*Asks:* 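Before anything else, here's the structure in question.
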Amino acid sequence: MLVAAAVCPHPPLIVPEVAGAAAPELDGLRSACAAAVRSLAEADPDVLVVVGGADRSASYSGDAAGTLKPWGPDVRVGAGDPVLPLSLTIGRLLAEPAFPAGLPELRFEAIAADASPAACAELGRRVAGSAARVAMLVMGDGSARLTEKSPGYVHPHAAPYDAMLAAALGEAAADRLAALDPAEAAELWVAGRAAFQVLAAAAHDAPPVAGELLFHDAPYGVGYAVARWTW
């Protein structure tokens with residue numbers, strides 16, 4: 001069952017080596033992510049499962065590697081050939097410093113960005129039932145249509161949707177996340193919808209006792225929310 005969960009976004013610029021001179025602009029986001037992921041270590045899990053959106057669904061072993069070379073410097077994490085998609089690469093980069101005594105058993109799950117709610121729910125139930133004490137690091141961005149400078153340009157429904165999404169994450173409202181409509185999320189360029197629905201299903205049978213929103217902003221026209229759920 002789940003004993004802790006954290007939600008973080010996955011922009012490449014969260015890594016200072018990629019951001020370069022602009023790195024200080026995301027210091028608040030980095031601090032919030034570090035705090036959220038530390039809470040996973042404090043829960044003393046048997047297994048840490050990192051879940052994030054990707055072009056296709058796939059499972060990766062704990063030694064899987066990733067690189068940020070497509071976005072700038074060849075920042076690598078893990079051993080071997082880089083196979084992890086961006087969301088899971090950023091997830092691994094965030095997780096490793098949070099476990100100074102060593103990572104628990106580590107697993108990576110990529111969920112297709114267009115996966116159905118049923119497919120997300122199936123994965124979430126499988127993750128929650130994979131060990132006695134499971135922690136989840138869920139990687140997902142909010143809407144990328146919040147401003148005129150957003151990657152998807154501005155959409156009139158993006159800001160209220162992103163606020164709703166951040167509130168649901170901060171309140172550990174699994175039912176609201178489970179009810180997200182894939183078509184609406186796709187229209188608003190919400191990259192994290194599928195990953196958030198995996199989390200919702202994982203928490204269904206053992207609801208968290210509390211949620212906390214640590215960060216919510218859109219510094220580059222993309223909604224970034226950081227939250228932690230506790231049991």
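Source: prediction; values computed, not measured. In what follows, every heavy atom counts, from backbone to side chain, and hydrogens, waters and symmetry copies are set aside.
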*Asks:* Please check if the side chain of Trp189 supplies one atom and the backbone of Pro151 the other of a donor-acceptor pair under 3.5 Å.
*Replies:*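 Answer holds: no.
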*Asks:* Val154 vs Arg145, test: side-chain contact (heavy atoms from CB on, under 4.5 Å). Steps then yes/no.
*Replies:* CA-CA 5 Å; Val154 67; Arg145 303 194 66 179; over 6 Å; no
*Asks:* How close do Ala54 and Ala110 get, counting heavy atoms only, and between which atoms?
*Replies:* CB-CB, 3.8 Å
*Asks:* Would you say that Thr67 contacts Val75 through its side chain, given a criterion of any heavy-atom pair below 4.5 Å between the two side chains?
*Replies:*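 No. Closest side-chain heavy atoms not under 4.5 Å.
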*Asks:* State whether the number of non-hydrogen atoms from other residues, nucleotides or ligands found under 6.0 Å of Glu122 atom CD is greater than 12.
*Replies:* no
*Asks:* Are side-chain N/O atoms of Arg107 and Ser130 paired as donor and acceptor at under 3.5 Å?
*Replies:* yes
*Asks:* Could you walk me through whether Leu213 and Val226 pass side-chain contact (heavy atoms from CB on, under 4.5 Å), step by step?
*Replies:* CA-CA 6 Å; Leu213 185 66; Val226 179; over 6 Å; no
*Asks:* Counting distance only, does the side-chain N/O of Arg76 pair as donor-acceptor with the main-chain N or O of Lys69 below 3.5 Å?
*Replies:*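 No: the side chain of Arg76 does not pair with the backbone of Lys69.
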*Asks:* Let's go through Leu146 and Val222 carefully: what are the C-alpha distance in whole Å and the side-chain angles of both, what is the deciding distance for side-chain contact (heavy atoms from CB on, under 4.5 Å) to 0.1 Å, and is it a yes or a no?
*Replies:* CA-CA 6 Å; Leu146 293 169; Val222 180; 5.9 Å; no
*Asks:* What's the spacing between Tyr224 OH and Asp217 CG if we round to 0.5 Å?
*Replies:*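 Rounded to the nearest 0.5 Å, the OH-CG separation comes to 10.0 Å.
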*Asks:* How many angstroms lie between atom CG of Leu137 and atom OG of Ser39, to the nearest 0.5 angstrom?
*Replies:*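 Atom-to-atom, Leu137:CG and Ser39:OG are 9.5 Å apart.
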*Asks:* Of the non-hydrogen atoms in His10 and Ser87, which two are nearest, and what is the gap between them?
*Replies:* CD2-CB, 3.6 Å
*Asks:* Please examine the side chains of Leu2 and Pro208, heavy atoms only from C-beta on, and report whether any two atoms are closer than 4.5 Å.
*Replies:*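 In short, these two side chains do not touch, never coming nearer than 4.5 Å.
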*Asks:* To the nearest 0.5 Å, tell me how far Phe108 CZ sits from Ser61 OG.
*Replies:* 8.5 Å
*Asks:* So, does Ser143 use its side chain to make a donor-acceptor pair with the main chain of Leu188 at under 3.5 Å?
*Replies:* yes
*Asks:* Quick one: CH2 on Trp71 to OG1 on Thr89, what's the gap to the nearest 0.5 Å?
*Replies:*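 Nearest 0.5 Å value for the CH2-OG1 distance: 7.0 Å.
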*Asks:* So, His216 and Asp162: side-chain donor and acceptor under 3.5 Å apart, yes or no?
*Replies:*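 Looking only at side-chain atoms, Asp162 and His216 do form a donor-acceptor pair, the distance falling under 3.5 Å.
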*Asks:* If every non-hydrogen atom of Met136 is compared with every non-hydrogen atom of Val51, which pair is closest and at what distance?
*Replies:*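 Looks like CE-CG2, 3.8 Å.
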*Asks:* Flag yes if more than 12 heavy atoms outside Asp181 fall under 6.0 Å of its CG atom; otherwise flag no.
*Replies:* yes
*Asks:* Are Leu165 and Phe215 connected in a single hydrophobic cluster, I mean Ile/Leu/Val/Met/Phe/Trp/Tyr linked by side-chain heavy atoms less than 4.5 Å apart?
*Replies:* no
*Asks:* Are there over 12 heavy-atom neighbours, none belonging to His204, within less than 6.0 Å of that residue's NE2?
*Replies:*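 Count not over threshold, so no.
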*Asks:* A side-chain contact here means heavy atoms from C-beta on lying under 4.5 Å apart; do Met139 and Leu94 qualify?
*Replies:* yes
*Asks:* So, Glu171 and Arg176, do they make that salt bridge, N to O below 4.0 Å?
*Replies:* yes
*Asks:* Counting only N and O atoms by type, is there a donor-acceptor contact under 3.5 Å from the side chain of Thr147 to the main-chain atoms of Ser150?
*Replies:*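 Side chain of Thr147 to backbone of Ser150, a donor-acceptor pair under 3.5 Å: yes, one is there.
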*Asks:* Counting distance only, does the side-chain N/O of Arg228 pair as donor-acceptor with the main-chain N or O of Ala5 below 3.5 Å?
*Replies:*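 Here the side-chain-to-backbone pair does not exist.
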*Asks:* Going by heavy atoms in the side chains, are Phe99 and Leu48 under 4.5 Å from each other?
*Replies:*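 The answer is yes, as the side chains (C-beta and beyond) meet within the 4.5 Å cut-off.
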*Asks:* What about Leu88 and Val127, same hydrophobic cluster or not, with Ile/Leu/Val/Met/Phe/Trp/Tyr joined at side-chain heavy-atom distances under 4.5 Å?
*Replies:* no
*Asks:* Are the side chain of Glu105 and the backbone N or O of Asp46 linked by a donor-acceptor pair below 3.5 Å?
*Replies:* no
*Asks:* Surrounding CG of Asp74 (heavy atoms of other residues, nucleotides or ligands, distance under 6.0 Å), is the total greater than 12?
*Replies:*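 Atom CG in Asp74 is crowded, with more than 12 foreign heavy atoms closer than 6.0 Å.
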*Asks:* Checking Arg193 side chain against Leu177 main chain: does a donor-acceptor pair fall under 3.5 Å?
*Replies:*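 No; judged by distance alone, with no hydrogens or angles, the pair does not exist.
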*Asks:* Are Ile14 and Leu84 joined in one hydrophobic group, where the rule is that I, L, V, M, F, W and Y side chains link up if heavy atoms are under 4.5 Å apart?
*Replies:*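 Yes; tracing contacts between hydrophobic side chains, which count when under 4.5 Å, links both residues.
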*Asks:* List the steps, then state whether side-chain contact (heavy atoms from CB on, under 4.5 Å) holds for Val134 with Val49.
*Replies:* CA-CA 7 Å; Val134 179; Val49 182; 4.2 Å; yes
*Asks:* May I ask you to test the Pro182-Ser116 pair for a side-chain heavy-atom distance under 4.5 Å?
*Replies:*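 Pro182 does not reach Ser116 side chain to side chain.
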*Asks:* What pair of heavy atoms forms the shortest contact from Asp63 to Arg92, and how long is it?
*Replies:*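 Smallest heavy-atom distance, with atoms named: C-NH1, 3.7 Å.
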*Asks:* Check the side chains of Glu109 and Tyr60 for a donor-acceptor pair under 3.5 angstrom, ignoring hydrogens and angles.
*Replies:* no
*Asks:* Could you walk me through whether Glu42 and Arg38 pass salt bridge (charged side-chain N to carboxylate O under 4.0 Å, His left out), step by step?
*Replies:* CA-CA 6 Å; Glu42 293 164 0; Arg38 277 198 305 270; 5.1 Å; no
*Asks:* Between the main-chain N or O of Gly28 and the side-chain N or O of Ser31, is there a donor-acceptor pair closer than 3.5 Å?
*Replies:* no
*Asks:* Can you get from Leu13 to Val15 by hopping between Ile, Leu, Val, Met, Phe, Trp and Tyr side chains that sit under 4.5 Å apart?
*Replies:*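 Leu13 clusters together with Val15.
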*Asks:* Taking Asp141 for the side chain and Gly223 for the main chain, is one N or O donor matched with an acceptor at less than 3.5 Å?
*Replies:* no
*Asks:* Check for me, please, whether Leu29 and Leu214 land in the same ILVMFWY cluster - side-chain distances under 4.5 Å, paths through other members count.
*Replies:*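 Shared cluster, yes.
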*Asks:* Under the 3.5 angstrom rule, does the side chain of Trp229 hit a backbone N or O of Pro207 as a donor-acceptor pair?
*Replies:*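 Not confirmed, Trp229 side chain does not pair with Pro207 backbone.
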*Asks:* If you look at every heavy atom in Gly91 and Val50, which pair is closest and at what distance?
*Replies:* CA-CG1, 4.0 Å
*Asks:* Counting C-beta onward and ignoring hydrogens, is there a side-chain heavy-atom pair between Pro12 and Leu86 closer than 4.5 Å?
*Replies:*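 Yes - at least one pair of side-chain heavy atoms lies under 4.5 Å apart.
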*Asks:* Looking only at non-hydrogen atoms, find the nearest pair between Ala121 and Ala201 and report the distance.
*Replies:* CA-CB, 3.4 Å
*Asks:* Measure the shortest side-chain to side-chain distance between Cys8 and Val37 over non-hydrogen atoms and say whether it is less than 4.5 angstrom.
*Replies:*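 Yes, their side chains come closer than 4.5 Å.
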*Asks:* Would you indicate whether the side-chain heavy atoms of Val198 and Val138 approach each other to under 4.5 Å?
*Replies:*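 Side chain of Val138 against side chain of Val198, heavy atoms only: no contact under 4.5 Å found.
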